[in-house]
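Each remark here refers to the structure printed beneath this line.
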Amino acid sequence: MTLLARLFLLVLLAVLPALGIQAYSVFQFRAERAEEVAAQAQRLLHLVEGEQARIVDGARLMVTSIAESAALRSGDYAQCQAHLIRLAQRAPEYRNLTVLDRDGAVLCSAIPSNAPAAVDLPYVRRALKEGRFVVGEWTTPGPAAEPGTAMLPFAVPFRDEAGTVAGVVTLGLDLPWLATNFAARPLPENASLLVTDRNGTILVKLPNGIAQRGERVPQPYLNLLGEPRGGVITLPGMDGVARVLAYSPSRQGARDLFISVGLDHTAVAGTIDRATRQGLLMTLTGLVVAILAAWIGGTLFIRRPVEALIRATQGWSAGNSSARAGLVDRKSEIGQLGRAFDAMAETLEARERALRGSEEHLRAVLDALPTFIGVLSPTGDVLQVNQTAVQASGLPVEQIVGHPFHEACGHAFAGAAGDRLRTAVERAAHGDSARFDAPVRIAGDRAAIMEMRVTPMRGADGRITHLIVSGIDITERKSTEEALRVANERFRTALRNSGVVVFNQDCALRYTWMHNPALGYTAEHVVGKTDFEVFEDAADAEVVTAIKRRALDTGEGVREEVRIRHAGQDHFYDMTIDPLRGPDGALAGITCAAVDVTGRKQAEADLRRAREEAEHAAAGKSKFLAVASHDLRQPVQSLYLFAAALGDRLQGHPSLPLLDNMRQALDTLKGLLDGLLDMSRLESGKIAANPAEVRLGQVLGRLVAEYAPRAAQKGLELRAVPTRAWVRTDPSHLERILRNLIENALRYTRQGRILIGCRRSGPDRLRVEVWDSGVGIPADRLEDIFEEFTQIQGSGDRGLGLGLAIVKRLSKLLDHRVRVRSKEGIGSVFSVEMPRVVVEKPRAAVPPPAMDLFRQAANDCATKGMVLVIDDEAIILLGLKAMLEGWGYSVLTARSGDQALERLRADGRRPQIVLADYQLQQGRTGPEALAAVQGLVGKDVPGIILTGDTAPERLDEARRNGFSILHKPVFPNDLRKMMANAGAA
């Protein structure tokens, strides 16, 4: 393929997607317009259906009012007839207003002279059978009716005073009036309207007016008549014009009537077709312009420079080493190629001169080689020999060069060796290489063994130009091979003492040879037998035979571990099986080597049992950590509560700093308990990920607002680079990861600053990085810091070493990649990589920062009320009561839900909020107690669950019941904020 053609191909590859998109847009527009036309037809259909339903409802009201009249129910038919005559005069659009008994006899009629028995009419039979109002089929008013007149009948049964169906009330709607009524309704230009009865007889046909007498719709319309639901379809209209038809079958819309509205397909599709043609024309124009641009640019900038390069190359092929491309343009890629070609030509010309000078040097090298080398013509004449060959022959060069090779060296190759040499030269002349060993006599009548090679050399056209004959003295190598044979025998002797079982089997898998006994079997026991005849267990023989058969079938080696049961014990062998081939290369059987690995398998079994014991111990450790950390939360919680209550009473007291130190110790203890519990839950797999789309700016803002005061106390600057990025992650787990990284940075940074920012990592990935100017991490400890209970030296703020271990496990749970870079004495960078998402529509309003919530909570607490506290631990009740009373609340305590109800009834007040421990006595729970309290005082009383169980099930249960939840040990500020958010004054 030429460069110009490739350019065209590239242009097409670049332009075709855009053209495809353009064409897709054109056809998409066409489809949208077609949908709009269909929707317009549906709207018109609904309007017509509504009008038809109104007309049918009028007829239903008319016949129903007659059926319910007192005269008809009492049997006063004279009064009934007078009533019908008055109705017919007031409603001229209704015809044949008649009352029939069950036998079809006319009881009363608006036109007595034109009232034949009508019990055999289908709609009358249907009304009597179904006992309801029915719409009939197209019919004429009677034999005396005017030509062209027709009506749509209706019927409804009526009952006598005993409640028995006594007959039918019928009337007919004048079809010319119906057509005139629809014709008066505005329809779009070229629109059509068709109304038929349940049998397909046309009632109204617009714009052509009423149909001919008894005319039925064509078969395509009859097919639509019985469909279960309506739709839109393109069909030829009653006037032969193709129309977009919206239809409502007789089972849908106006019952027992088929209604369709059609729009002229040619008129509505004209605009679409014009837009389609214009779009396709623009697409084709773009393609033609791109092709022309590619042709002109390819000719100027590719084809002509390439032709200059080709001419220069052809000159070189013809032997003109002075040929050059000579391109004027030196800046483009092809110009640079031409310049490089000219430079290469100059270099090659210089090398050609140097090559001629080196030929003599090459000849000298060949003469110095110990190998005999001769160059022959395809006919076998000697063209050139090296000095070594001349010396070995003992003849002058003139008697060798120009003579047939077999004559020049006939004295050296005698007998069979000479015949083999002549045959090899003849075969090489036909393109076949040859290699053989031959005994020769060289100068000085010395006997030697030569390795002879005859190799044909081909020219550029593939024809053989000359033959290369070389000979290497391998006398010493043959001696070495003999020595190797002796060494091989010695190796076989050593193998007999190695303990490795080696044996051969033929293609029928019968043993032919065996070296070293196995399982007490010697060669005498197994030769001539198969595995089925040797092994005790036929199943073992079947497995081993299948492995050997696979090596025979594929011709490839196999290595497998097999089990063989012998003398009541299992023996394991590592068996290697290789195909065994004869001298002609045909498959002759297999050769096997088997090593007894029974001891190793026993060691592996012991190791597996030890690993299972270790895993069991690890599970016990996780369970112990979970139970211990959960049980320790109760006393820690009481310490928090008493500390908060004591802090309110020691304001301004000299001992207040000691209380602050105790609070700091409690904060540290809470962090250790949280770490232990999180590690136990992560190891047990009880923590699940709930990915969602998260706005990073909000998460980083909350963390900076929370940790900035703590950083300022240490003299550090903590800030985050603003970002509007969204990521997909579990927000709570991500916040826990970033918290641990920030706390780690605060712990190991003495001066400087901590920076949090985001970087893109590929088109759909994003990294959150935490930079610090801390003590750094040694290079050999970068992986160790993510293990449990591992810490680096140099920090006075020591924990359990679980923060980064939790980061590692949470990141693995979320499938987020965590990396760390660090230099000792300079600082560290921790990064978390996660999927980045693009959000098109705005998110909900951002919740207020934590500090604003705290201020709001403080303001809300200005007006105090009564708080109900439920907990089965007396020490927790005392602590909560003391703290809440210190905040100015009135506190009512209870140790169970039943006791809380009793004290609320006795107290008579309504609590502002209810605090309840999750786990109460006798298997009862806090949510149950809260539900009972709300049932007494009202559902609007908020509730908060206090629990040391951080399982996701607890949070889901609280949310389902509309309660808030706080995990123990509870910080007083957290409790105060949550109470304020819940509306406790």
Side-chain angles (χ1 to χ4, degrees), residues 660-661 663-679 682 696 699-721 723 733-759 761 766-812 814 816-834:
D660 293 335
N661 294 335
R663 286 172 173 169
Q664 294 177 4
L666 285 174
D667 292 342
T668 303
L669 180 57
K670 181 180 182 298
L672 296 178
L673 289 175
D674 289 341
L676 286 172
L677 184 58
D678 287 343
M679 284 301 299
L682 283 168
L696 273 178
V699 176
L700 299 184
R702 289 197 300 271
L703 294 175
V704 170
E706 179 179 347
Y707 284 99
R710 180 174 164 187
Q713 290 178 357
K714 296 187 66 174
L716 303 175
E717 177 189 359
L718 172 63
R719 71 182 185 90
V721 178
T723 178
H733 294 339
L734 174 63
E735 188 165 331
R736 182 60 188 275
I737 290 174
L738 296 179
R739 283 178 182 276
N740 287 6
L741 293 180
I742 295 173
E743 290 180 353
N744 187 73
L746 289 171
R747 180 178 295 117
Y748 291 101
T749 304
R750 299 191 182 93
Q751 59 183 3
R753 65 174 182 167
I754 299 171
L755 178 65
I756 310 172
C758 302
R759 292 179 185 271
S761 179
L766 184 137
R767 294 198 311 270
V768 180
E769 297 182 342
V770 180
W771 294 66
D772 66 63
S773 56
V775 298
I777 306 169
D780 58 346
R781 299 292 306 280
L782 288 177
E783 294 297 330
D784 298 341
I785 60 175
F786 290 101
E787 300 300 327
E788 301 96 326
F789 311 109
T790 300
Q791 296 177 319
I792 62 174
Q793 301 297 324
S795 172
D797 185 6
R798 303 295 299 275
L800 283 179
L802 294 177
L804 294 181
I806 293 174
V807 168
K808 178 181 178 181
R809 283 160 173 76
L810 284 177
S811 63
K812 183 177 181 181
L814 299 175
H816 295 350
R817 185 173 182 178
V818 176
R819 297 180 179 177
V820 59
R821 308 191 306 272
S822 182
K823 289 185 179 180
E824 287 190 82
I826 297 179
S828 305
V829 181
F830 287 84
S831 64
V832 183
E833 185 176 299
M834 62 202 73

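What you see is a predicted model; the values in this text were computed from it and never measured.
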Say you draw a straight line from CD of Gln751 to OG of Ser773; how long is it, rounded to the nearest 0.5 Å? 7.0 Å

What distance separates Leu718 CG from Leu703 CG, expressed to the nearest 0.5 Å? 9.0 Å

So, taking the atom named CD1 in Ile806 and the one named NE2 in His733, what distance separates them when rounded to the nearest 0.5 Å? 12.0 Å

Quick one, Arg739 and Glu706 - any side-chain contact, counting heavy atoms below 4.5 Å? yes

Can you measure from CG (Leu738) to OH (Tyr707) and round to the nearest 0.5 angstrom? 10.0 Å

Find the distance between OG1 (Thr749) and CD1 (Ile742) and round it off to the nearest 0.5 Å. 11.5 Å

Throw together a table of side-chain donor-acceptor distances under 3.5 angstrom for residues 820-827, partners on residues two or more places apart or in other chains.
from, atom 1, to, atom 2, distance (Å)
Ser822, OG, Ile777, N, 2.7
Ser822, OG, Gly827, O, 3.2
Ser822, OG, Ser828, OG, 2.8

Steps toward side chain to side chain contact (heavy atoms under 4.5 Å, CB included) verdict (Val832, Leu741): CA-CA 10 Å; Val832 183; Leu741 293 180; 3.9 Å; yes

Contacts of type salt bridge (charged side-chain N to carboxylate O under 4.0 Å, His left out), residue Glu717, not counting sequence neighbours: Arg719

Side-chain contact test, heavy atoms from C-beta onward, threshold under 4.5 Å: evaluate it for Arg750 versus Val775 and give yes or no. yes

With Asn744 as reference, evaluate Val807, Val770, Leu804 under the side-chain contact (heavy atoms from CB on, under 4.5 Å) test and give the passing residue. Leu804

Residues two or more places apart in sequence or in another chain: which of them pass salt bridge (charged side-chain N to carboxylate O under 4.0 Å, His left out) with Glu833? Arg765

Which value, rounded to the nearest 0.5 Å, describes the distance between Leu734 atom CG and Ser811 atom OG? 11.0 Å

Would you say that Val768 contacts Met834 through its side chain, given a criterion of any heavy-atom pair below 4.5 Å between the two side chains? yes

